[in-house]
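Below: one structure, written as structure tokens.
Quick note: numbers below take in every heavy atom, side chains included, and nothing from hydrogens, waters or symmetry partners. We name chains A, B, ... by the order of the sequence lines, and we start the count at 1 in each one. This is a predicted model, so every value here is computed, not measured.
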Amino acid sequence: MAADLLSGLNPAQRDAVSAGTGAVLVLAGPGSGKTRVLTHRIAYLIGEMGIPPRGIMAVTFTNKAAAEMRSRAESLLDGHIDGLQIGTFHSICARILRIEADHLPSGYGRDYVIYDSDDQTALMKTVVAEMRIDPKKFSPGRILNGISGAKNELITPAEYASSDYFTEIVKRAYPIYQERLRNNNALDFDDLLMMTVTMLRDDEIVRQKYQRRSEHVLIDEFQDTNTAQYKLIRLLGGYHGNLFAVGDEDQSIYAFRGADYRNVQQFRKDYPEARVILLEQNYRSTQIVLDAARSIIDKNKNRTPKQLFTDKEGGSLVTVHEAYSEGEEGEWVVERVRALMRRQGYSYRDIAVMYRINALSRTLEDAFKATGVPYRIVGGVSFYQRREIRDLVAYLRVINNPIDTISLNRIINTPTRGIGDKTVTTFHDWVAARGRGYLEALEAIANGTLIPVTGRSGKALAEFASLIIDLRKIAFPGDDTPTDLTVLFDELTARIRYVAYLPEISTTPEQVQERLENIQALRGLVSSKKDLRLDDFLADVSLNTEAEPVEESGEQIANSVTLLTLHAAKGLEYPVVFIAGVEDGLLPHSRSFADADEMAEERRLMYVGLTRARDHLFLSYAFRRSLYGESIPSIPSRFLADIPAHLTEGASLKVRHMTEREAYKEATRWDSDTPSRPAQTGRAKIFEFDSRAAASKDRAASLPTPTPGLKYKPGMHVYHPKFGTGIVVDSRRSGSDEEVSVRFEDKQFGLKRLMAEFANMRIIP
DNA sequence: CTTATTGCCATTTTT
DNA sequence: TGGCAATAAG
């Protein structure tokens, strides 16, 4: 068995899989077989070390990863994995909280609901309204972001410290928001983590229970953990101390969600005796691809250097292409796709087109549509985001937990039944005044004992109350008969005549049909889980946001080119990878210019994209790009200049021969006039750029690389006589002068590129 | 209560 | 450019 288990592994993988007890940190480069290591580790623990499956807890970020790990472990162990705990951080926490519901803060019960971001926003809107805050200035979303950040750091409302007016608003909103959640018996995703950590930390009994059980804790994608998640695994592993963390700092691309790759370094500090194992053998890409990727990532600091290597020596060069416009970029991509099919025998499914922002999918999609090359876009509205699904799930939520006012408000007049805003408000006020809760209120209204609203709408309200109460009787029959959820679902859709309502919320017959199919799919899902308790079913739904029960029509999908964002591409691989829009401002994204950490993350994003490719890489940028309604000259990504010329081919440099003087004129002509045409500077960069000559020339002088030691630096505040005050976002040498990118406060001017010598700017200290 | 209009905004998003 | 959400009018 041991021989079997370890025989197919390379030495580093074997070390990791067969490591003894204690903390282990596996730094796994892209394509180095990290899932293999994790699954074999599980098999090794059970098969060789005799650990009972229930003593093992494996934590992932996505359901997909959890499912894959489970099935691979299962096949390695011939199905002997009963009790093995594999799940996402959130699902594991949700389960613990449900089991230990007695230890939750008062107001919460086992039947709590999980609010997704739409629910959160709806709730926060009520908070903002109550606080009399201008939602334009402080949007619910931004406030929620602030709160989420705090929760990820395990900061309570009381501990939250404000540092400016915005965070002061967050500080005020946070406790109110939490109170509202509790009033609704609801937790948001961040609460699941934070409350579990709090519970394990503060409750000796609960802590011991889970610590004793967790003999071995394995963590996937460790670089993506936030503070709460790291704390969670430290707590779970706190008794046995067997933490097996697998990750790669270079693939950390979720900082904006609180992920902190420095947890990898922290792990080494927290467990100084930990074994650290590097997986550097790559089983995916050619050496050329790896070399190109490495030229990008090696520029980052604060990382563990890795020397990825592969048996796939050589490979074809990275193709760099300049298109005139985004439209021609799309055409070029499709053209290359067809050539790959014709000449090299690839299938559509072997090819992926990646981009930094979703907006780029549109023009690419147009090109695919025009030529009839089959494609699919990853992302978009997930199943559970669909209106009809949300409506029906909201009904189930209210049946389960009538105090969930966000869901209640969603459905109280859906389908339309004559209950308007005024009635709703009156109803809520009335319930609040009685102080007895929603369930009792609905019961009283249903049987006519109490009438909060008179007249026509009062009648409608009473009917609604009866509906909910009746459905509750089906869901909870009283005796301990388990309810078939399908029965409940069918009764629900019949009673509210939801299908008849569909045309009202649809614009085309096709849309009606689509919604109908979605409802069928939901019914299928219900039926496959019909024996679950309603609250467990709802938790399941909330925690499986990605699941797409509808398989879209047939073989087209099965073999088509994949279009997806770089973020969505993480963890995937394709024989051929295109990255479109490799331009400064897109990749790296302009929002990251002013912050070195964010810029480093953009670099990792590029790295993730490059390392998805098995054989071929195509990178493209457009000379001018229309985005958000305006056409702007663009600059090739600074990252392109980091790839050594001998690894690339192509890079059409049609206009390379423009003289320095001409280029300078181009660059400055927009500076002095027409404020109505902002951001139209900087063409000179394009003319100067030459990715092939780059490596052989003096880099600092010839390339758009941010150069330290110039007069303006990112973050500086400046004053311009015409444009007012702004913040320096970027600065680089341009000929003998300095080209400064400034984001002006006045939105009318926005981001501008100016030549320092002529711009007559003042630095504000 | 539905429908039309306007105005604003636009990275990424595993749960 | 276009999609959505808040607002005004039918």
Closest to the 5' end of DNA chain B, once E504(A) and D190(A) are matched to their nearest nucleotides, is E504(A)

Quiz prompt | Any N63(A) side-chain N or O less than 4.0 Å from OP1/OP2 of dT14(B) | solution = no

When rounded to whole Å, the CG to C1' distance for the pair D118(A) and dA5(C) reads 13 Å

Rounded to whole Å, the CG-P distance (L193(A) to dT15(B)) equals 13 Å

With the side chain defined as heavy atoms from C-beta on, K125(A) is closest, among dA6(C), dT13(B), dC1(B), to dA6(C)

Side-chain N or O of T565(A) closer than 4.0 Å to phosphate OP1/OP2 of dT13(B)
yes

Problem - Sugar-phosphate only, base, or nothing, as touched by T416(A) at under 4.0 Å among non-hydrogen atoms - result: sugar-phosphate

Note to self: With a 6.0 Å cut-off on the ring centroids, do Y254(A) and H567(A) count as close?
What the structure shows: yes

Taken to the nearest whole Å, CD1/I412(A) to P/dC1(B) is 10 Å

Note to self: What contact category does L360(A) fall into here, base, sugar-phosphate, or nothing, at under 4.0 angstrom with non-hydrogen atoms?
What the structure shows: nothing

Could R417(A) and E463(A) be called an ion pair, given the rule that one side-chain N must be under 4.0 Å from one carboxylate O?
-> no

Against the side chain of I357(A), the closest entry in dT12(B), dT15(B), dG3(C) is dT12(B)

Item to check | Side-chain N,O (R362(A)) to OP1/OP2 (dG3(C)) below 4.0 Å | outcome: yes

(message) When the P atoms of dA5(C) and dT12(B) are compared, how many Å lie between them, rounded to an integer?
(response) 16 Å

When the P atoms of dT13(B) and dC4(C) are compared, how many Å lie between them, rounded to an integer? 16 Å

Comparing S117(A) with I419(A), nearest DNA chain B nucleotide closer to 5' gives the residue I419(A)

*When you check the gap from the basic side-chain N to the acidic O, do E249(A) and R262(A) get nearer than 4.0 Å?*
no

(Q) If we ignore hydrogens and angles and just use 3.5 Å, is the side chain of S139(A) paired with the main-chain N or O of K136(A) as donor and acceptor? (A) no

H567(A) has its side chain closest, among dT15(B), dA10(B), dT12(B), to dT12(B)

Q. Does the distance from a Lys or Arg side-chain N to an Asp or Glu carboxylate O, for D119(A) and R397(A), drop under 4.0 Å?
A. yes

note: Y355(A), atom OH; dT13(B), atom P; distance rounded to Å ~ 9 Å

What one should report as the nearest heavy-atom pair of M194(A) and T198(A) is O-OG1, 2.6 Å

- NA contact type, K422(A), heavy-atom cut-off 4.0 Å: base, sugar-phosphate, or nothing? nothing

Base, sugar-phosphate, or nothing for D224(A), non-hydrogen atoms under 4.0 angstrom? base

From the candidates dA10(B), dT2(B), dT13(B), the one with an atom nearest any side-chain atom of Y628(A) is dA10(B)

At less than 4.0 Å, is any side-chain N or O atom of N544(A) found next to OP1 or OP2 of dT14(B)? Yes or no. no

dT12(B) base stacked by F256(A) (centroids within less than 5.5 Å, tilt under 30°) | yes

Among dA10(B), dC1(B), dT15(B), the one nearest any side-chain atom of T88(A) is dT15(B)

Taking dG3(C), dT15(B), dT12(B) as options, the one with an atom nearest any side-chain atom of R257(A) is dT15(B)

Separation of dT14(B) atom P from K570(A) atom NZ, nearest Å, is 12 Å

Between CZ of R417(A) and C1' of dC1(B) the distance, given in whole Å, is 14 Å

Categorize Y254(A) for me: base, sugar-phosphate, or nothing, with a 4.0 angstrom heavy-atom threshold over every strand shown. base

